[in-house]
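Some notes on the structure that comes next.
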Amino acid sequence: MFSRIFESLKIQDKVSHNDEYKIRYQSLTDNLAASVVIRDCHGKTTYCSPYTEVLTGYSLQEIYNNPDFFIESAHEEDRSLYKRALKICASGELFNFKHRFFHKTGIEMWGETRTVPIFDTKGEISSFLSITLDVTSMVRNQKQIEEKNSSLRDFTYMVSHDLKAPISTIKGMLNILQTEMPNFQGDNLVALEHIIKATTRLESLVGSVLEYSKASNDNLSLGPVELNEIIPEVINDHQTAINNSKAKISIQDLPLIHGEKLKVYQIFSNLIGNALKYRDLKRPLEINIYQDKTNTRLANIIVEDNGCGIPNDKNDKFESIFRPFARAHSGNVEGSGIGLACVKKLVERHGGEIKVESTVGQGSKFCVSFLRLAKQAG
Ligand code: ADP
């Protein structure tokens, strides 16, 4: 008797739980600012949340009545994405994609859709759930920013490139004047020397802007790069500075990475060049180049020195040294402040990142990451 009452109470409890879930589910999908669509295994739309009307401009009835509604309202070039999403979903996987579609008014919109399979209690796919967010304004803003950045980059490249010719002309004229220098006296001589210095500085600035613009714009042709070949080349090209500083350099076995040879060379040439430049005269310079093997997907390459270290008053985790023309040391060490800005730009364009740790009076440790490639055996 008791057990029967108990059973019936359990059933009632289940029913009230089911009702509660239904209400919760209903109010969630009714109020979500996203379109929720459920299709059965034959592709028929069995549920469409009210927000789908807002997103598409069509009434729910119009959507239910047209079995091809979503494919037809999609942008022609993005229809294959829909089909791919359904195929991937049918194989039991989820699929995320960004796509264009047309609102009833004809306006082109952007949606971000996540399509997932729904499994029944036997573990078989019973239907497909798609949730679409309106990302139109985000995509438009992103495009505007990209366009502005791109025209800014073109402008910077053009200005810096086109300034090179007139600067060369001025330098040529100054050379002619310099040969006449013995005839220059007093204030005239001082003025001429000022002009020569200013022109040299201008030429170096324009060169730096051009270098940065190239690091940002040049197309990368990526492929396998053997760091065990590139780093010795870089060391070889810095041999004079290495001899002058009597630096001890150690290079451990390095990985094969995905990159562009010339740019990878440029990255390490800058880092090793800086390690040589910013040395501490109180001790012999040591530079270690090695990899952190803990990450199997990424190749983390470290260039470590026991140089003077980087002062970091603003507590900005050394962010500022990666900005164009920013320098943490001035005065006795020559430089333009563009090298690390280029390194950061190039590393990021390779899909990696650059980090630095440094202590004044002890040294600095730069870590750059690339995609690691498997080496062929033998
Ligand atoms: P720069 O032409 O001044 O060397 P970079 O962009 O290469 O320009 O570096 C920016 C600044 O970061 C440098 O001016 C220097 O203050 C600091 N820096 C870079 N590398 C090192 C290093 N290995 N040790 C100490 N300071 C460094």
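Whatever order the structure lists them in is the order used to number ligands and atoms, beginning at 1. Below, all heavy atoms of this structure are taken into account, side chains as well, without hydrogens, waters or symmetry copies.
- The shortest separation from a heavy atom of Lys277 to ligand 1 is under 4.0 Å, placing the residue in contact.
- Assignment of Phe322 to the shell around ligand 1 is not supported, since no heavy atom sits closer than 4.0 Å.
- Geometrically, ligand 1 and Ile310 share no nitrogen or oxygen pair separated by less than 3.5 Å.
- Ligand 1 has no nitrogen or oxygen under 3.5 angstrom from a nitrogen or oxygen of Glu334.
- Against a heavy-atom cut-off of under 4.0 Å, Ile321 is close to the following atoms of ligand 1: 10 (C), 12 (O).
- Counting heavy atoms only, Gly337 comes closest to atom 8 (O) of ligand 1 of the residues Gly335, Cys342, Ser364, Gly337.
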Residue pair Lys375, Glu226: steps toward the salt bridge (Lys or Arg N to Asp or Glu O under 4.0 Å) verdict: CA-CA 9 Å; Lys375 289 198 188 192; Glu226 179 50 89; 3.4 Å; yes
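- Considering both main-chain and side-chain atoms, Cys308 never comes within under 3.5 Å of ligand 1 through any nitrogen or oxygen pair.
- Considering backbone and side-chain N/O atoms, Asn270 never comes within less than 3.5 Å of an N/O atom of ligand 1.
- Looking at Leu340, Ile287, Leu271, it is Leu340 that brings a heavy atom closest to atom 9 (O) of ligand 1.
- Taking the six-membered ring for Trp and thresholds of 30 and 60 degrees, His161 and Tyr157 have nearly parallel ring planes, at less than 30 degrees apart.
- Just one of Thr56, Thr29, Thr52 meets the side-chain hydrogen bond (donor to acceptor under 3.5 Å, both in side chains) condition when paired with Ser35; it is Thr52.
- The nearest pair of heavy atoms linking Ile125 to Cys89 is CD1-O, 3.6 Å.
- Comment: Lys197 does not engage Glu193 in a salt bridge, judged by the lack of any side-chain N to carboxylate O separation of less than 4.0 angstrom.
- Atoms of ligand 1 found under 4.0 Å from any heavy atom of Gly309, numbered from 1 in the order shown, are 25 (C).
- Checked for salt-bridge contact, Glu353 and Lys355 meet the test: a charged N lies under 4.0 Å from a carboxylate O.
- Residue contacts with ligand 1 for Asp305 involve side-chain atoms from C-beta outward but no N, CA, C or O (heavy atoms, distance under 4.0 Å).
- Among protein heavy atoms, atom 16 (O) of ligand 1 sits closest to His329 ND1, 2.7 Å.
- Other residues, nucleotides and ligands contribute only 12 or fewer heavy atoms inside 6.0 Å of the CZ atom of Arg84.
- Using a cutoff of 4.0 Å between basic side-chain nitrogens and carboxylate oxygens, Glu62 and Lys104 are scored as salt-bridged.
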Evaluate ring pair (Phe, Tyr, Trp, His ring centres under 6.0 Å) for Tyr82 paired with Phe70, printing each intermediate quantity in order. CA-CA 8 Å; Tyr82 268 98; Phe70 292 101; 7.0 Å; no
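- The environment of Tyr64 atom OH is dense: over 12 non-hydrogen atoms of other residues, nucleotides or ligands sit within 6.0 angstrom.
- The nearest non-hydrogen atom to atom 25 (C) of ligand 1, considering only Phe366, Tyr212, Tyr278, comes from Tyr278.
- Considering only non-hydrogen protein atoms, atom 7 (O) of ligand 1 sits nearest to Asn274 ND2, 2.9 Å.
- Counting protein heavy atoms only, atom 3 (O) of ligand 1 is closest to Arg327 NE, 2.5 Å.
- The residue Ser358 has no part lying near ligand 1, judged by heavy-atom distances below 4.0 Å.
- Salt bridge Lys143/Glu147: absent, no basic N to carboxylate O contact under 4.0 Å.
- Considering only non-hydrogen protein atoms, atom 10 (C) of ligand 1 sits nearest to Ala326 O, 3.5 Å.
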